[in-house]
Amino acid sequence: MVDDLARFIDKAKEFGALDAKLIKADTIKTGAWVRMKCHFGCGHYNTSFSCPPHTPAPRETQEVIDCYGTALLVHCQQIGDPTEVVIKLEREIFLAGYYKALAYGAGPCRICEECNVQQCNHPRQSRPSMESCGIDVYATVRANGFPIAVVKDRASEQNYYGLVLIE
Ligand code: SF4
């Protein structure tokens, strides 16, 4: 299965990713604290259908992850890129027969000037970020050997990630 999926690493790069890696789903970490970082201290809280409190809580996300064996972790350098790349990948992987393919992007959705927080107006173009669903992006990325550090200022190196659960 992994050999068959390796072609999606090249697809990810073709779609604009810097790199991508097939990972075991059980290396994806969730944490109750992640939701708290959205709830307190983030100006995007409750401004989008793709942000808390509208997204699944960490425990629910963990239950979802437990339904999968494999995932594709996608490395990008611009905040808007992971979501665009994983949406395209989700479709390609689904059409290849992996009917459970499920994508998570990065950062808040910025497609509409004002979000319809009750129901997404562009469901084919929007996915929630990993962090908005309670995934500990730092721990997940580090567990899989990709770079990530707290961005302290504009000069700091920036790394952003998306994810596609696959089975
Ligand atoms: S596409 Fe529009 S309606 Fe859907 S989550 Fe994004 S901003 Fe909200």
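Just so you know, ligand 1 is whichever comes first in the structure, and atom 1 is the first atom listed for that ligand.
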So which heavy atom in the protein is nearest [atom], and how far is it from that ligand atom?
atom                    : result
atom 8 (Fe) of ligand 1 : C115 SG, 2.2 Å
atom 3 (S) of ligand 1  : N121 N, 3.3 Å
atom 2 (Fe) of ligand 1 : C112 SG, 2.3 Å
atom 6 (Fe) of ligand 1 : C109 SG, 2.3 Å

Any donor and acceptor pair, going by atom type alone, linking the side chain of [X] with main-chain N or O of [Y] inside 3.5 Å?
X    : Y    : answer
E90  : A103 : yes
E131 : D136 : no
R127 : I87  : no

Tell me, please, if C120 has any N/O/S atom, main chain or side chain, under 2.8 Å from atom 6 (Fe) of ligand 1? no

Less than 4.5 Å apart, side chain to side chain, heavy atoms only: is that true for L163 and L72? no

Run the ring-centre check on Y99 versus F94 and record whether the distance is less than 6.0 Å. no

Under a 4.0 angstrom heavy-atom cut-off, which atoms of ligand 1 come close to [X]?
X    : answer
S126 : 1 (S), 5 (S), 6 (Fe)
F49  : 5 (S)
S50  : 5 (S)
H122 : 1 (S)
N116 : 3 (S)

Would you tell me whether H54 and N46 have side-chain atoms, one donor and one acceptor, within less than 3.5 Å of each other? yes

More than 12 non-hydrogen atoms from neighbouring residues, nucleotides or ligands closer than 6.0 Å to NZ on K37, yes or no? no

